[in-house]
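This report concerns only the one structure given below.
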Amino acid sequence: MKWVYTIGRIAGTDIKVHLTFVLFLGWWALLGYRGGGVSGAVSAALLLLALFACILLHEFGHILMARRFGVRTPDVILLPIGGVARLERIPDEPRQELLIALAGPAVTAVLALIFFLTLRLTGGDADVGQLNPIAPFLNQLLVTNVWLLLFNMIPAFPMDGGRVLRALLASRLGLVRGTRLAATLGQALAMVGGLYGITAQRPFLVLIAFFVFLGASAEAQAVETRAAGDGLQVSQIMVTNFRTIPIYSTLADAVDLLLSGEQREFPVVDNNGRIEGILTRDNLIRGLSKSGPGSPVADAMTSEVPVVPPTLDFQEALERLRSSKLPALPVVDPAGTLIGLLTSDNIADLLLVQRARPEGRAGVRQRT
Ligand SMILES: [Zn+2]
């Protein structure tokens, strides 16, 4: 995801902030400034930072519950609509996902209750009405946490309500069909919300609907990809019919290879057939414009490419391909011989084929 900045790390989870969250902070401070000058702006900004802390606590509700089921969370992203903790995988049992999805809102509910009781006991205004940038601090925290809670329970991805819905559907329909249905419902809800936002001239609602719409399709895509490759290993999905390019070749040679077939990424090998790097189409184009067709392939290629063993599990291979940000990775056997290519095009084809099967692969096998 672009526009995302890592600001810290807590208990093995990277804390990331989406640029729109920062913009939201600025917008909120501006509202505070218009209501109460410089001190208004400062207290508005402080409020949002306190809210940020509440959202983090909410996310750690999810993270700690996930950890109980052996699911790690590499990072958590803070968006204006709340946080999204990225789970390493979806737990095998829908019941576990249900508990993980509910743990965050439970934290938020407890926080809201604490703020409410504190306000009540100190004789403060515990009204959960309109959010007002110049209202007392604790009252605003209460209101925002109540909103956060309600908002998170909207049954659409990427909100917790969407995960609750998916877990409930998945226990009957299986993970893939459950996710597909939950995503479709979420997108329908986002469309309705977005259209309402446009007609009622509420740009913030349109922004939220936009995030929800993207979140739903991303979730469905991720689950279908996972399901399509479930139980497969790299050797079963790799491209075996491919051309390599010797390291001493020129870019002109690489152009001939590129134009002679469908292949777009070429493993670069030494005299013994050992992998030295990979020449992608982007590498080739950049190399041509920088150094011309007579320059060596070795200068243009991406070296230090992670290789994957043929016995690697599909999920793990997909992660490596994604984190490499390359369109293809070489598959190398234990003897060091290049035996295949794992490409994102190939994986996309696998998905299409799986989806076209009439009986479908209705669900990821579930451990019982
Ligand atoms: Zn949550």
Side-chain angles (χ1 to χ4, degrees), residues 1 4 7-8 10-18 20-21 24 48-91 93-115 141-170 178-179 182-183 185-187 189-190 193 204 207-220 222-223:
M1 211 193 248
V4 173
I7 58 161
I10 300 175
T13 299
D14 282 336
I15 314 295
K16 298 182 175 179
V17 175
H18 197 267
T20 47
F21 188 93
F24 187 56
L48 216 64
L49 291 175
L51 181 60
F52 173 102
C54 291
I55 291 175
L56 258 189
L57 287 172
H58 168 112
E59 291 308 321
F60 273 89
H62 293 305
I63 290 168
L64 295 179
M65 184 63 86
R67 210 160 282 181
R68 274 191 53 187
F69 299 123
V71 177
R72 289 184 299 145
T73 39
D75 58 34
V76 48
I77 300 174
L78 294 156
L79 303 164
I81 59 166
V84 179
R86 188 160 62 94
L87 300 186
E88 187 188 43
R89 60 185 174 84
I90 300 168
E93 284 178 46
R95 196 186 63 87
Q96 294 182 347
E97 182 179 36
L98 187 67
L99 289 176
I100 295 170
L102 288 173
V107 170
T108 302
V110 169
L111 287 172
L113 191 67
I114 291 171
F115 298 142
L141 262 191
L142 169 64
V143 174
T144 43
N145 271 285
V146 168
W147 279 18
L148 194 65
L149 180 62
L150 294 178
F151 181 71
N152 264 298
M153 292 318 288
I154 295 175
F157 293 115
M159 268 82 72
D160 298 326
R163 291 181 197 287
V164 170
L165 178 65
R166 191 254 301 277
L168 293 175
L169 291 172
T179 304
L185 289 173
Q187 286 190 322
L189 211 60
F204 193 54
L207 182 72
I208 291 170
F210 177 69
F211 268 112
V212 170
F213 197 88
L214 290 187
S217 59
E219 184 68 30
V223 167

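Read the numbers this way: they start at 1 and go in the same order the structure lists the ligands and their atoms.
- The aromatic ring centroids of F204 and F24 lie less than 6.0 Å from each other.
- Annotation: side chain of H62 is in contact with side chain of P105 (closest heavy-atom distance under 4.5 Å).
- Protein N/O/S atoms closer than 2.8 Å to the Zn ion (ligand 1): H58 NE2, H62 NE2, D160 OD1, D160 OD2.
- Counting all heavy atoms, side chain and backbone alike, G178 lies closest to L169 at O-CD1, 3.7 Å.
- Contact annotation: the side chain of R68 never approaches that of I100 to less than 4.5 Å [non-hydrogen atoms, C-beta and beyond].
- Using cut-offs of 30° and 60° on the angle between ring planes, the pair H18 and F211 is perpendicular.
- The only option from V4, V76, I7, L78 that meets the side chain to side chain contact (heavy atoms under 4.5 Å, CB included) definition with K16 turns out to be V4.
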